[in-house]
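These notes concern the structure reproduced below.
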Amino acid sequence: MEKVKKRKVYVAVTAVILLLCIALLIILNLCGAGVPCIFRKLTGWQCAGCGNTRAAISLLKLDFKAMIEYNLLFPLELIYVAWVCFSFSRNYIKTGKATYTTPHISMDIIVLAVMSIWWVVRNL
């Protein structure tokens, strides 16, 4: 029974973090502001995350076509960020320390590899 309570707390903390991110996106959208990419400003190339703010706003509007057009990998990034938030909150609740330790290093490596390949491909 104790594990069920802890899992509910993990999910609740993760949900709060994600809701705060959604609130920030809504505020940015209402203000007409965006998050500029420093890498793109300096180099003229797109980073792997370029378009994520616009993709997230499109997702909130349920415009999936625009979301994919802004950044093809946004759904993967969103799932990965949710998983990291969940893992972070679980570790914080268990240990009291704000650290991230991955439950599966292979997942981190796969996401990093896919993002790196995407970064190169979108600039060709």
Side-chain angles (χ1 to χ4, degrees):
M1 195 63 172
E2 189 71 28
K3 286 185 178 184
V4 173
K5 287 182 182 178
K6 284 184 178 182
R7 187 167 303 228
K8 287 181 181 179
V9 172
Y10 303 154
V11 171
V13 171
T14 303
V16 167
I17 292 169
L18 293 176
L19 287 174
L20 288 172
C21 291
I22 290 170
L24 177 64
L25 287 171
I26 291 171
I27 291 168
L28 286 173
N29 189 31
L30 292 174
C31 296
V35 180
C37 178
I38 295 171
F39 181 81
R40 186 165 188 179
K41 294 246 185 229
L42 293 174
T43 66
W45 296 344
Q46 291 184 352
C47 74
C50 275
N52 278 350
T53 303
R54 290 171 290 170
I57 291 169
S58 296
L59 178 62
L60 291 175
K61 294 177 181 177
L62 301 177
D63 187 357
F64 300 107
K65 182 180 179 212
M67 176 189 72
I68 295 299
E69 288 173 358
Y70 285 126
N71 190 338
L72 181 65
L73 287 187
F74 182 73
L76 171 70
E77 294 170 9
L78 190 62
I79 291 167
Y80 181 70
V81 167
W83 182 53
V84 169
C85 288
F86 180 81
S87 299
F88 178 84
S89 63
R90 184 189 64 218
N91 289 341
Y92 182 74
I93 291 166
K94 278 184 175 179
T95 65
K97 296 178 183 176
T99 59
Y100 169 71
T101 55
T102 181
H104 301 286
I105 190 72
S106 59
M107 178 72 164
D108 291 338
I109 292 170
I110 290 169
V111 170
L112 179 63
V114 169
M115 295 280 296
S116 298
I117 292 167
W118 172 240
W119 188 2
V120 171
V121 168
R122 77 184 313 190
N123 286 299
L124 293 178

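What you see is a predicted model; the values in this text were computed from it and never measured.
- In plain terms, the two heavy atoms of Asn71 and Ala48 that are nearest each other are ND2-O, 3.0 Å.
- Considering only residues two or more places apart in sequence or on other chains, Arg122 meets the side chain to side chain donor-acceptor pair (under 3.5 Å) condition with Gln46.
- Partners of Ala66 by side-chain contact (heavy atoms from CB on, under 4.5 Å), not counting sequence neighbours, listed by chain and number: Ser58, Asp63, Tyr70.
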Could you go step by step and tell me if Val81 and Trp83 meet the side-chain contact (heavy atoms from CB on, under 4.5 Å) rule?
CA-CA 5 Å; Val81 167; Trp83 182 53; over 6 Å; no

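- Other residues, nucleotides and ligands contribute at most 12 non-hydrogen atoms within 6.0 Å of the CD1 atom of Ile38.
- Shown here are the side-chain contact (heavy atoms from CB on, under 4.5 Å) partners of Ser116, two or more places apart in sequence or in another chain: Leu112.
- At a threshold of 4.5 Å between side-chain heavy atoms, the hydrophobic network of Ile, Leu, Val, Met, Phe, Trp and Tyr places Val114 and Leu72 in one connected group.
- Residues satisfying the side chain to side chain donor-acceptor pair (under 3.5 Å) criterion with Trp119, sequence neighbours excluded, are absent altogether.
- Leu73 and Ile110 fall within the same hydrophobic cluster, defined by Ile, Leu, Val, Met, Phe, Trp and Tyr side-chain heavy atoms under 4.5 Å apart, directly or through other members.
- Here CG of Leu59 is found 9.5 Å from CD1 of Ile68. Values are rounded to the nearest 0.5 Å.
- In this structure, Asn52 CG and Ile57 CD1 are separated by 11.0 Å, a value rounded to the nearest 0.5 Å.
- Judged as a salt bridge (Lys or Arg N to Asp or Glu O under 4.0 Å), the pairs with a partner in residues 64-85 (not counting sequence neighbours) are, in order, Lys65-Glu69.
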Could you give the side-chain donor-acceptor pairs of residues 21-28 under 3.5 Å, partners two or more places apart or in another chain?
none

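- Transitive grouping of hydrophobic side chains (ILVMFWY, heavy atoms separated by less than 4.5 Å) keeps Ile109 and Ile117 in distinct clusters.
- Grouping Ile, Leu, Val, Met, Phe, Trp and Tyr residues whose side-chain heavy atoms lie under 4.5 Å apart, directly or via other members, places Val16 in a hydrophobic cluster with Leu20.
- With sequence neighbours left out, Ile17 forms a side-chain contact (heavy atoms from CB on, under 4.5 Å) with Val13, Cys85.
- Under a hydrophobic clustering in which Ile, Leu, Val, Met, Phe, Trp and Tyr are joined whenever their side-chain heavy atoms come within less than 4.5 Å, directly or via other members, Phe39 and Met115 fall into different clusters.
- Residues satisfying the side-chain contact (heavy atoms from CB on, under 4.5 Å) criterion with Val84, sequence neighbours excluded, are Tyr80, Tyr100.
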